[in-house]
Amino acid sequence: MSAACWRRAGTSFTTANREKTAALSHFEPDTLLITPGALKKERRSFNEAAIDHCAAGSWFHEAGRAAVEEEIRPLLDGNALTWERFYAAYQRIVRRIVFGDAARDDERITELRDKLRSDGNWFMLHRKRHRLRTELFVRCRRYIDLPEPGGLARAVRAIPATAEIKPVAQMQHWFFAFDAAPISDYLTLGLLACRPEQSARARTDPAYLRACVLEAQRLWPTTLVLARDTTAETQWPGGWTLPAGAAVISCSPFFHRDARRFPYADRFEPEVWLDGRAEAEWSIAPFSHGPAKCLGKETVLSTSATLLTGLLGNGWRITSSHRLGADRPLPRTADHTSLRFAAGKRAVENR
Ligand code: HEM
């Protein structure tokens, strides 16, 4: 597929691909990503306006930063860092950013999302669990209706929305999509633990740290496929014609590691995000490109930067078996859940 073809995605493709709709409608029916037709524009404007509240310098940004700093503090206690501890802390951060501080300990809302999301893995083959979905939506609505809502719930309350927008459904996507961030952040921590010079630079250079997170997303993208359905008969180079309604997928783990095109394919090379090499490639798209590109990218990257800046000072070393070192090509898949870290000398001295 050529870059020109992919660029046509705005006009002759829809993100409301059949399979994606079947998966997401278990827990976020009516969300922007699976909204077809003209309503998509209206819902995208609402999403944009709400998520923009997190821009640097805003009240939301500062509240998010405070949430991250508070929640990672217990992880700096000198004990081993495991995926379970890291993930639990991250879930508290996500609930605080999306629903406000009042949701910090609302583990039930996370459990509901996760149950329905695992139903989504079965696409149209799993029955819809309407009772659970109603419970999820009611809990979410409660945070918007608080006398003083926090997090993005506060933005949702402030932005005028028609009934068609369905703000609670839009929020489910923010809640769900944030779940990919702990994976790439934990892997970034692992990559940096094996590279002391790059780690030292990441601690003091925010642009470089951000590039490290993007690079972890290139190496192990958390969105495995970008799926579209054609909305009109579509011609492809080489004389192929696809009928309207055909599914087209771009498989990120394949394109991101295309060693025929990228000499850095299997290396950790954050510089490619600083010198324009990665951005120039249509096929490197951890946050997608074009009219459906991720609206949460900046929120995710600033959350990740605050979190990793706080953690990197501990000088972690990896104590589990891994293949993240710089001495050989990085593996095509990485099991973040088995990574364990021990606090380095610096952390022990600071206790
Ligand atoms: C590491 C975390 C995340 C990653 C890797 C990610 C990646 C993506 C990707 C690849 C898409 C496009 C999907 C497609 O083309 O089919 C997307 C769409 C979207 N993302 Fe994210 N995302 C993340 C977190 C977030 C967060 C936290 C939010 C909200 C606060 C968010 C909001 C959105 C929205 C609203 C869309 C739909 C855009 C549209 O359909 O017009 N994302 N994201």
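Quick note: residue numbers are just sequence positions, from 1. Everything quoted here is computed from the prediction, not taken from an experiment.
- R317 approaches A193 most closely through the heavy-atom pair CA-CB, 4.5 Å.
- In this view, T162 and E42 satisfy the side-chain hydrogen bond (donor to acceptor under 3.5 Å, both in side chains) rule, not counting sequence neighbours.
- The main-chain N or O of A232 is found under 3.5 Å from a side-chain atom of T234 such that the two form a donor-acceptor pair.
- The shortest distance between side-chain heavy atoms of W316 and L192 does not fall below 4.5 Å.
- By the rule that hydrophobic residues join a cluster once side-chain heavy atoms approach within less than 4.5 Å of another member, L76 and L189 end up as members of one cluster.
- One finds a salt bridge joining R113 and D179 here, because a Lys/Arg side-chain nitrogen approaches an Asp/Glu carboxylate oxygen to under 4.0 Å.
- Of the candidates R95, R104, R65, E71 forms a salt bridge (charged side-chain N to carboxylate O under 4.0 Å, His left out) with just one, namely R104.
- When the options T21, T14, L242, V248 are evaluated for a side-chain contact (heavy atoms from CB on, under 4.5 Å) with D229, the one that passes is T14.
- Checked against the 6.0 Å centroid criterion, the rings of F60 and H53 qualify as a close aromatic pair.
- R85 approaches P74 most closely through the heavy-atom pair NH2-O, 3.0 Å.
- A donor atom on one side chain and an acceptor atom on the other are found under 3.5 Å apart for W273 and E215.
- Around the CZ atom of R195, the shell of radius 6.0 Å holds more than 12 heavy atoms that belong to other residues, nucleotides or ligands.
- In this structure, R154 satisfies the cation-pi test against W59, with its NZ or CZ atom closer than 6.0 Å to the six-membered ring centre and inside 45 degrees of the ring normal.
- The shortest non-hydrogen separation linking P29 to F27 is CD-C, 3.5 Å.
- Applying the side-chain contact (heavy atoms from CB on, under 4.5 Å) test between Q217 and each of C212, S252, S304, P286 identifies P286 as the sole match.
- Counting all heavy atoms, side chain and backbone alike, G245 lies closest to R18 at O-NH2, 3.5 Å.
- With L32 as the fixed residue, the side-chain contact (heavy atoms from CB on, under 4.5 Å) test singles out one of K40, K41, K166, H173: K40.
- Here the two rings, on H289 and W282, have centers that are 6.0 Å apart or farther.
- Open room surrounds CD on E148; 12 or fewer heavy atoms of other groups in view lie less than 6.0 Å from it.
- Between the side chains of D335 and S338, at least one donor N or O lies within less than 3.5 Å of an accepting N or O.
- Ring pair F262/Y264 is parallel by interplanar angle, where below 30° counts as parallel and above 60° as perpendicular.
- Contact between F99 and A153 at its shortest, heavy atoms only, is O-CB, 3.9 Å.
- For T35 and R43, the side-chain atoms include at least one donor-acceptor pair closer than 3.5 Å.
- Crowding of E111 atom CD: a count of heavy atoms from other residues, nucleotides or ligands under 6.0 Å exceeding 12.
- Checked against the 6.0 Å centroid threshold, F341 and F86 do not count as a close aromatic pair.
- Other residues, nucleotides and ligands contribute at most 12 non-hydrogen atoms within 6.0 Å of the CD atom of E107.
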